[in-house]
Amino acid sequence: MTELLKISLPDGSVREMEEGSTPADVAAAIGPGLAKAAIAARVDGELRDINRPFEGDAELALVTARDEEDALELARHDFAHVLAEAVQSLFPGTQITFGPATDDGFYYDVKAPETREPFSMDDLPAIEEEMRRIIKADKPLKREVWSRQQLIEKWEAEGEVFKAEWAKELPEHEELTVYWSGEDWLDMCRGPHLASTGKLDPQAFKLMRVAGAYWRGDQKNAQLTRIYGTGWLNKKQLNQHLVRLEEAAKRDHRKLGREMDLFHLQEEAHGSVFWHPKGYRIWRELEAYMRRKMDGGGYREIKTPQLMDVRQWEQSGHWGKYAENMFAVPDMVPEVDDSGAGAHPSVAKDADWMAIKPMNCPAHVLVFKQGITSYRDLPIRLGEMGCCHRNEPHGALHGLMRVRQFTQDDAHIFCTEGQVVEEVRAFCKLAEGVYRDFGFTFAIKLALRPEKRLGSDADWDKAEQELRDAVAEAGMMNEEFGWEELEGEGAFYAPKLEWHLTDAIGRTWQVGTIQGDRVLPDRLDATYVGEDGEKHRPVMLHRAIFGSYERFIGILIEHYAGRLPSWLAPVQAVVATIVSDADDYAGEAVGKLKAAGIRVESDLRNEKINYKVREHSLAKVPHLLVVGKREAEEGTVAVRTLGEKEQKVMSLDEAIVMLREEATPPDLRN
RNA sequence: GCUGCUGUAGCUCAGUGGUAGAGCGCACCCUUGGUAAGGGUGAGGCCGGGAGUUCAAUCCUCCCCAGCAGCACCA
């Protein structure tokens, strides 16, 4: 008599199943609806094929399309396989290598046969068609355990040199699996997969582009073609994604930055921003806003040197770890030969080196260390609009989002062990207020200890728990605030809280952070005198809310699609005339608006009102005040608000009150 | 930093082995017109930088630089 397997379900119930049965059998036993909906299973927490037999008693959770994260991962992985099969079906002799799921789809690295060119965009439509054919054929995806030798022989026989090479490196005794697609194609794969290709929606994917890639990412190896696709559960999701891509392209801050004349970049200073008057206006508004917030939060602002002796950076540990990303300059007077132009200064061998700061922390510790600090003085919160430089890899630079020179809304809080939780809690509240003022929703995540780290496990336990406690006390350790703990994502010296913003089209951006640091105070020997008269180490909290002005402005431009709220808009209103008879009145209106603190410009040009409306609308000016003969006679303005079809005629004084109200920063409203 | 692609007027982009074009923008003229493009005329280019091939290079080749898309990286 065979033993029955005990399968426990998420609701706590236990089902007895015969040996050799599968999650699909359990689903069928529960009901036909679930049998149809179940696409995979979590067995003892591990995502598995729905048709893979249980190996013993197990905890089972059936996965359906509602478990979107798992379902997407499975579907994308399957799409990758179907892609590889399609390419080989269309182009026999193509070698296949790897094909994982990505954030929005999948890719597969392949090598085209010698007889033809590498694959290009032009090949994609045919490959897509072939993929649809394979999906419609509803080929079962069947798992089989093979020996390593079996795999090697199979790949060598088929001339799959990459697969064969890979198989040879697989561990001997581990369970190696292949997945059949029908009976005529298979790929080596850990799985899991859906039950058949027909579980995929043939209308839910699109091949996007091709890119070059090297076998195993190493340029010494053979060159492959990587075919990228985006893959989803259904056509609706795919379309939403494509619309989101289009929308994102329209909002691209690099494009809007040029169109709105906010800033530019040029190759002589690549990675550093030239802010134009309008762009810098936004910056100044943000800076003023942040100063009010930090002043209100008990921070005191300082300014520290751009250049410090390299020895200082050695002591802080940054030079050892990040020197390759720092800019260093010799501390010497350059000797330029008399010919002048074109002469290069030479650097003496014994020159002292200075480094441009890549961060503000060490300098803030040096400020803290001046004089003698009592526990009564703590916490000390030092803020700085700190301009930093990091020599980022060139390929990483991206508009305002990733730059070599940036300014942080940085601050460091020096406090006692006992003050950490309260300081972090207060920061949570401060950050919440800021993000809400810009209309962002956000999630707070705790990045836990990484594998490579400094300090004992006991220290990490404590540090992680402090952050949890602080978030809990702020009332934010829950779903509403997207609370989540991320394994292994912390910095090497401390766990950190991260704020992830969600913008108007659903993309997320990590901006704010706070982290407790007990390493740097130690390295730089920061102390305070405690109640007991002895020296103690303060804890140093590193924190930022915007992250960097550059990046935050980039995010704001995309979030608002360039239609900045009035308080941030570089030009808040334009007074546009219909006829030149209204010029004097327009001048009067502009004078009054300026006196009321409104950033206003006039447009008296000899152009039709249609033209002016169009131009200022495209320039995303929040309010257009149109004046013609009628308004000039009546002392009114016709206000056209960006995004609204209707105009409102009101007295100039009423308009001023309205514009002032709208131009008031959110933290100064009542 | 790696791979692929790109670099022509302020912007968006055509184009050709015999040194160049459009639309928008800009300037000037006409037009004073009531809510998303009125008409005309004109100016504006070391065709990213360097080297090579050629009688001749913006175009072909090589090197460099920058940008874009991915990847890797992001204290």
Does A:His270 have a side-chain nitrogen or oxygen under 4.0 Å from the phosphate oxygens OP1 or OP2 of B:C65?
no
Side chain A:Glu631, main chain A:Gly628, donor-acceptor under 3.5 Å:
yes
Return yes if some donor-acceptor pair links the side-chain N/O of A:Ser566 with the main-chain N/O of A:Gln572 below 3.5 Å, else return no.
no
Does the structure show a Watson-Crick or G-U wobble partner for B:G4, both distances under 3.5 Å? Name it, or say none.
B:C68
Is a side-chain donor or acceptor of A:Trp460 paired with a backbone partner of A:Leu454 at a separation under 3.5 angstrom?
yes
Evaluate the salt bridge (Lys or Arg N to Asp or Glu O under 4.0 Å) criterion for residues A:Glu487 and A:Arg449: first the C-alpha distance (whole Å), next the side-chain angles of each, then the deciding distance (0.1 Å), finally the verdict.
CA-CA 7 Å; A:Glu487 301 286 341; A:Arg449 66 193 78 181; over 6 Å; no
Looking across every strand, which nucleic acid part, if any, lies under 4.0 Å from A:Ala491 by heavy atom: base, sugar-phosphate, or nothing?
nothing
May I ask you to decide if A:Lys278's main-chain N or O and A:Asp261's side chain share a donor-acceptor pair within less than 3.5 Å?
no
Taking atom C1' of B:A75 as reference, at what distance in whole Å does atom CD of A:Glu392 sit?
10 Å
Contact string for nucleotides 32-45 of chain B, one letter per nucleotide 5' to 3', B = base within protein heavy-atom range under 4.0 Å, S = sugar-phosphate only, - = neither, reads BBBBBBS-------
Would you mind pulling out the nucleotide paired to B:C46, Watson-Crick or G-U wobble, both distances under 3.5 Å?
none
Is there a Watson-Crick or G-U wobble partner for B:U32 with both distances under 3.5 Å, and if so, which one is it?
none
Should A:His398 be listed as having a side-chain N or O under 4.0 Å from OP1 or OP2 of B:A69?
yes
Pair A:His276 and A:Phe263, ring centroids less than 6.0 Å apart
no
Side chain of A:Gln515 only, please: which of B:A75, B:C68, B:G1 is the nearest?
B:A75
Whether the side chain of A:Glu247 engages the backbone of A:Ile505 through a donor-acceptor N/O pair (distance < 3.5 Å, no angle test) should be reported.
no
Between A:His394 and B:G1, is there a side-chain N or O to OP1/OP2 distance below 4.0 Å?
yes
Polar atom pairs between nucleotides 5-11 of chain B and protein, under 3.5 Å, N or O only, would you list them?
from: B:C11; atom 1: O3'; to: A:Arg258; atom 2: NE; distance (Å): 3.4

Tell me if the aromatic rings of A:Phe442 and A:Trp509 count as close, with their centers under 6.0 Å from one another.
no
Find the distance A:Trp509:CH2 to B:C74:P and express it as a whole number of Å.
19 Å
Using a 4.0 Å heavy-atom cut-off, does A:Arg254 contact any base of the nucleic acid, only the sugar-phosphate backbone, or nothing at all?
sugar-phosphate
Specify the separation, in whole Å, of atom CZ of A:Phe263 and atom C1' of B:G67.
14 Å
Exam field: side chain A:Lys111 to backbone A:Phe162, donor-acceptor pair closer than 3.5 Å:
no
Base paired to B:U54 (Watson-Crick or G-U; both N/O distances under 3.5 angstrom)
none
Can you work out whether A:Phe492 or A:Arg209 has the more 5'-proximal nearest nucleotide on RNA chain B?
A:Arg209
